[in-house]
Undergrad: 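Following this message is one structure expressed as structure tokens.
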Amino acid sequence: MRRRSLLIAAPAGLLTLAGCGGDDTADKDKASSSTSPSASPSASAPPPPKLVDGPLPAITAGAKFGEKPTVAKGSGDPSKDLAVKTVVAGNGKTLAEGDFVKVNYLAQVWTTAKVFDNSYDRKTPIVIQLAQGQVMDGWRYALMGKKAGSRVLMAVPPAWGFGEQGNAQAGVKGTDTLVCVLDAQDTFNAKSSAEGSEVAQDNIDLPKVGTNTDGKAPSIEVPKGDAPTKLVANYILEGDGEEVAASDSVLVQYKGVLWADGKEFDSTYSRQQLTSFSLQQVVKGWAQGLTGKKVGSRVLIVVPPKLGYGDSPPQGSTIKKDSVLVFSVDILAKM
């Protein structure tokens, strides 16, 4: 299982065992107590920082985008404002408030240059959401408006970092300014789609899923006749990214309809909001259906009752007992 960053909050999960879009407060509380804390756990958020050009320590090695950087110790007193510099300017999509951004990063303390967290050694970027409470405020304000493909160097004062309480797990005091380097690889929002290669949908006994990649909800045409009794998990668009493991968390777009009448009961497209979740927290049909599939893919999942909600559908939903569920799922990224 991946080690979580010390700089982000635990991801929220939907389609949990309790039900689609259910209350996952308990899961988040459990995650917060056992893994990395939110970078800004205070009840009231600080006001937006003033962005300044420096001072900032130099990157002395690994200066190229994607390389692990070595950053010098801070010289003198750091700014009380948020110092930000675009070291490498990318030409990808612009990062906006609410986006999910795939980054590699390194974080150290200004006064000592002690690195307390980085993703380069793990060879695994993370996906963060540029939203209050989901990631350190310094990162959020520094990255908004930048383009994918950019390397950003920043010095984050405590107010927009870990706050006056610091972070004992990271060895960061409440007075420490943090120096961070972030390589923004990609960004995802409510208009994102899988962009894999089309796979033939030859079985007339299975639902047919639209192959549009414009960020709009794909159509799902449920055939007349009996539903399959076993799990179906087929590529509609096959991506070329990493395979999803059973222990992974994923960022997705999805749409769910009932086999019985083809009516939609849940959709990120309707909410205009992506969702992320651990495959260990979802119904078995999702966990089994997405395990082994590639990032960048659109997958048709037909979930029989025994791998879905069985005789205990979510309260308040349109799902009835022993319903067969049909999903189109776009796997955008591994978290």
Side-chain angles (χ1 to χ4, degrees), residues 5-9 39-40 48-72 74 78-79 81-108 110 113 115-132 134-157 160-161 177-193 195 215 240-242 251 274 276 295-296 332-335:
S5 167
L6 294 170
L7 299 158
I8 61 175
S40 302
K50 178 182 177 182
L51 271 60
V52 296
D53 294 334
L56 285 164
I59 297 176
T60 58
K64 295 181 180 179
F65 182 90
E67 292 182 339
K68 180 185 176 182
T70 300
V71 185
S79 175
D81 298 313
L82 178 61
V84 181
K85 179 182 179 181
T86 301
V87 180
V88 177
N91 58 7
K93 293 174 286 189
T94 300
L95 315 184
E97 176 83 15
D99 281 5
F100 289 83
V101 184
K102 184 178 180 180
V103 300
N104 264 318
Y105 68 94
L106 178 140
Q108 64 187 48
W110 174 280
V115 175
F116 62 85
D117 197 9
N118 89 91
S119 64
Y120 298 93
D121 287 345
R122 297 191 292 272
K123 302 186 187 306
T124 304
I126 63 172
V127 177
I128 59 174
Q129 187 180 17
L130 302 185
Q132 174 63 39
Q134 298 302 308
V135 70
M136 177 178 292
D137 280 333
W139 283 23
R140 181 164 65 101
Y141 287 113
L143 289 179
M144 285 191 297
K146 301 294 190 291
K147 290 184 179 294
S150 295
R151 165 167 285 193
V152 181
L153 171 65
M154 66 191 75
V156 183
W160 298 284
T177 288
L178 311 179
V179 177
C180 305
V181 178
L182 277 74
D183 288 337
Q185 297 184 355
D186 205 352
T187 187
F188 308 95
N189 57 37
K191 296 181 180 179
S192 297
S193 288
E195 297 182 351
D240 58 3
E242 296 178 84
L251 178 69
L274 303 181
S276 62
V295 172
L332 302 177
K334 287 175 31 170
M335 300 291 285

Undergrad: At what distance, to the nearest 0.5 angstrom, does OH of Y141 lie from CD of E97?
TA: 7.5 Å
Undergrad: Quick check: closest heavy atoms across V71 and L106, and the distance to 0.1 Å?
TA: CG2-CD2, 4.4 Å
Undergrad: Passes side chain to side chain contact (heavy atoms under 4.5 Å, CB included), I128 versus M136? Steps please.
TA: CA-CA 10 Å; I128 59 174; M136 177 178 292; over 6 Å; no
Undergrad: Strictly distance-based, threshold 3.5 Å: is any side-chain N or O of K93 a donor or acceptor partner for the main-chain N or O of T187?
TA: yes
Undergrad: What distance separates Y105 OH from D183 CG, expressed to the nearest 0.5 Å?
TA: 12.5 Å
Undergrad: CG of L82 to NZ of K50: how many Å apart, nearest 0.5 Å?
TA: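 So the gap between those two atoms works out to 12.0 Å.
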Undergrad: Quick one: CG on L143 to CG on D99, what's the gap to the nearest 0.5 Å?
TA: 10.5 Å
Undergrad: Any donor-acceptor pair under 3.5 Å linking the side chain of E67 with the backbone of K64?
TA: yes
Undergrad: Hey, does D81 have a side-chain heavy atom less than 4.5 Å from the side chain of P49?
TA: no
Undergrad: Would you name the heavy atoms of S79 and P157 that are closest together and state the gap between them?
TA: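 For S79 and P157, the tightest heavy-atom pair comes out as O-CG, 3.8 Å.
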Undergrad: Could you tell me if the side chain of P78 sits less than 4.5 Å from the side chain of P55, heavy atoms only?
TA: no
Undergrad: Specify the closest pair of heavy atoms between P57 and V179, including all atoms of both residues, with the distance to one decimal.
TA: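 Taking every non-hydrogen atom into account, CG-CG1, 3.8 Å.
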Undergrad: Give a yes or no answer on whether the side chain of E242 reaches the backbone of K334 with a donor-acceptor pair at less than 3.5 Å.
TA: no
Undergrad: Quick one: does T70's side chain have a donor or acceptor within less than 3.5 Å of a partner on T60's backbone?
TA: no
Undergrad: Looking at every non-hydrogen atom in both residues, tell me the closest pair between D186 and A148 and how far apart they are.
TA: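 What the structure gives for the nearest pair is CA-CB, 4.1 Å.
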Undergrad: At their closest point, which heavy atom of F65 faces which heavy atom of A184, and how far apart are they?
TA: CZ-O, 3.6 Å
Undergrad: Kindly give the heavy-atom pair with the smallest separation between A155 and W110, and that separation in Å.
TA: CB-CZ3, 4.0 Å
Undergrad: Please check if the side chain of Q129 supplies one atom and the backbone of G98 the other of a donor-acceptor pair under 3.5 Å.
TA: yes
Undergrad: Does any non-hydrogen side-chain atom of K85 lie less than 4.5 Å from one of D53?
TA: no
Undergrad: Okay, side chain of S150, backbone of V152: is any donor-acceptor separation there less than 3.5 Å?
TA: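 Not at all, since once roles are kept as given, no pair shorter than 3.5 Å links the two residues.
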Undergrad: Quick one: pull up OG1 in T177 and CH2 in W160 and give me the separation to the nearest 0.5 Å.
TA: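 So the gap between those two atoms works out to 10.0 Å.
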Undergrad: Are the side chains of S276 and L251 in touch, meaning some heavy atoms are under 4.5 Å apart?
TA: yes
Undergrad: Heavy-atom distance under 4.5 Å between the side chains of K147 and T86, does that happen here?
TA: no
Undergrad: Which value, rounded to the nearest 0.5 Å, describes the distance between K146 atom NZ and L95 atom CG?
TA: 9.0 Å
Undergrad: Is R151 reaching over with its side chain to a backbone N or O of V181, donor-acceptor style, under 3.5 angstrom?
TA: no
